[in-house]
Amino acid sequence: LLEQSDIFDASYYRAAAGISRKVNAAEHYLREGWRLGFEPGRHFEGNFLNPYFRSAGFRGPPAITYLTLRTGGHALYATQSEVEAVAATIRTADLFDADDYAARVEGIGRLDPLLHYVIVGEAMGHAPSKMFDPVSYGQRYADIKSGKINWLYHYIRFGGLEGRLGTRGHFEETFDV
């Protein structure tokens, strides 16, 4: 899985970890490298992502957690700058309630609640507030299930302007459609 991914670069990893070409770079990362803080490639920041993954119960190598979650159809971002760009857009709207989110979602501790939502919260089905339901949004609009965009980000940038519903509608709540 790791060797075939777009986040693994064996040459980059070997140089960073100081291992020879005789050592399998992917195996080294999985056995010990991630624990020592080595990244599997220059376009993946597992050291930044790992505290968020751990808060959601994932304890293994960050690259494997990332690749596994990504196959679930949710957007995942590989670097802090990617996460921060999405979070910056979400901050412009009143659809994320940091205090409420932190109170409802266990394991956050001192992590930034909005970054938690962007990195793992939405994928875990946590709502950012009472004004947006990512589960119903994802179920309602199959065209956004590509896993390439955060659904709250999509709603803020495009969905709301297109007239898409960000929460369950009254009819659906009444009849549990």
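This chain uses plain numbering: 1 for the first residue, then up along the sequence.
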task = Enter the distance from Asp100:CG to Lys130:NZ here, rounded to the nearest 0.5 Å.
result = 6.0 Å
request  = Check for a donor-acceptor pair, side chain of Glu84 on one end and backbone N or O of Gln80 on the other, with a separation under 3.5 Å.
outcome  = no
Nearest-0.5 Å distance, OH of residue Tyr117 to NE2 of residue His126 = 10.5 Å
ask   = Rounded to the nearest 0.5 Å, how far does OH of Tyr141 lie from OH of Tyr155?
value = 8.5 Å
key: ILVMFWY cluster, Tyr12 and Leu49 together (side-chain gap under 4.5 Å)   = no
ask   = Once you round to the nearest 0.5 Å, how far does CG of Leu76 lie from CD1 of Ile7?
value = 10.0 Å
ask   = Tell me, do Val83 and Tyr52 make a side-chain contact under 4.5 Å, heavy atoms counted?
value = no
List the atom pairs, with distances to 0.1 Å, where a side-chain N or O of residues 57-67 and a protein N or O form a donor-acceptor pair under 3.5 Å, not counting sequence neighbours.
unit_1 : atom_1 : unit_2 : atom_2 : d
Arg59  : NH1    : Arg54  : O      : 2.7
Thr65  : OG1    : Pro61  : O      : 3.4
Tyr66  : OH     : Arg70  : NH1    : 3.4

request  = Check whether any side-chain heavy atom of Ile144 lies under 4.5 Å from a side-chain heavy atom of Phe158, and answer yes or no.
outcome  = no
key: Main-chain N/O of Asn150 paired to Tyr77 side chain as donor or acceptor, under 3.5 Å   = yes
query = Would Thr79 and Phe48 count as a side chain to side chain contact (heavy atoms under 4.5 Å, CB included) if you check the C-alpha gap in whole Å, the side-chain angles of each, and the deciding distance to 0.1 Å?
reply = CA-CA 8 Å; Thr79 67; Phe48 165 72; over 6 Å; no
inquiry  = I want to check something: taking the side chain as every heavy atom from C-beta on, are Leu95 and Ile90 in contact at a cut-off of under 4.5 Å?
reply    = no
ask   = How about Ile19 and Tyr13: do any of their side-chain heavy atoms sit closer than 4.5 Å?
value = yes
remark   = salt bridge (Lys or Arg N to Asp or Glu O under 4.0 Å) pairs touching residues 9-19, sequence neighbours excluded, are Asp9-Arg42
query = Under a single-linkage definition using a 4.5 Å side-chain heavy-atom cutoff for Ile, Leu, Val, Met, Phe, Trp and Tyr, are Val23 and Tyr29 assigned to the same hydrophobic cluster?
reply = yes
task = Specify the closest pair of heavy atoms between His28 and Ala17, including all atoms of both residues, with the distance to one decimal.
result = CE1-CB, 4.2 Å
note = From the list Arg164, His154, Arg168, side-chain hydrogen bond (donor to acceptor under 3.5 Å, both in side chains) partner of Tyr137 resolves to His154
request  = With sequence neighbours left out, write down each residue that passes side chain to side chain contact (heavy atoms under 4.5 Å, CB included) with Ala127, or none if nothing qualifies.
outcome  = Arg104, Pro134
message = Checking the side chain of Glu122 only, and the main-chain atoms of Trp151 only, is there a donor and an acceptor separated by less than 3.5 Å?
response = yes
task = State the CG-CG distance between Asp97 and Leu114, to the nearest 0.5 angstrom.
result = 11.5 Å
key: Inter- and intrachain pairs under side-chain hydrogen bond (donor to acceptor under 3.5 Å, both in side chains), touching residues 106-116, at least two apart   = Ser55-His116, Arg91-Asp112, Tyr101-His116
ask   = Residues in side chain to side chain contact (heavy atoms under 4.5 Å, CB included) with Asp94, at least two apart?
value = none
ask   = Any idea which heavy atoms bring Phe8 and Leu2 closest together, and the distance?
value = CB-O, 3.1 Å
Please tabulate, one pair per line, all N/O donor-acceptor pairs under 3.5 Å involving side-chain atoms of residues 32-39, not counting sequence neighbours.
unit_1 : atom_1 : unit_2 : atom_2 : d
Trp34  : NE1    : Leu30  : O      : 3.3
Arg35  : NH1    : Arg31  : O      : 2.7
Glu39  : OE1    : Gly46  : N      : 2.8
Glu39  : OE2    : Gly46  : N      : 3.2
Glu39  : OE2    : Asn47  : N      : 3.1
Glu39  : OE2    : Asn47  : ND2    : 3.0

message = Please find the pair of heavy atoms, one from Ala102 and one from Ile108, that lie closest to each other, and give the distance.
response = CA-CD1, 3.9 Å
message = Rounded to the nearest 0.5 Å, what separates atom CG in Asp133 from atom CG in Leu152?
response = 11.0 Å
message = Could you go through Glu3 and Asn24, starting from their C-alpha distance and side-chain angles, then the distance that decides it, and tell me whether this counts as side chain to side chain contact (heavy atoms under 4.5 Å, CB included)?
response = CA-CA 10 Å; Glu3 289 176 321; Asn24 182 301; 3.5 Å; yes
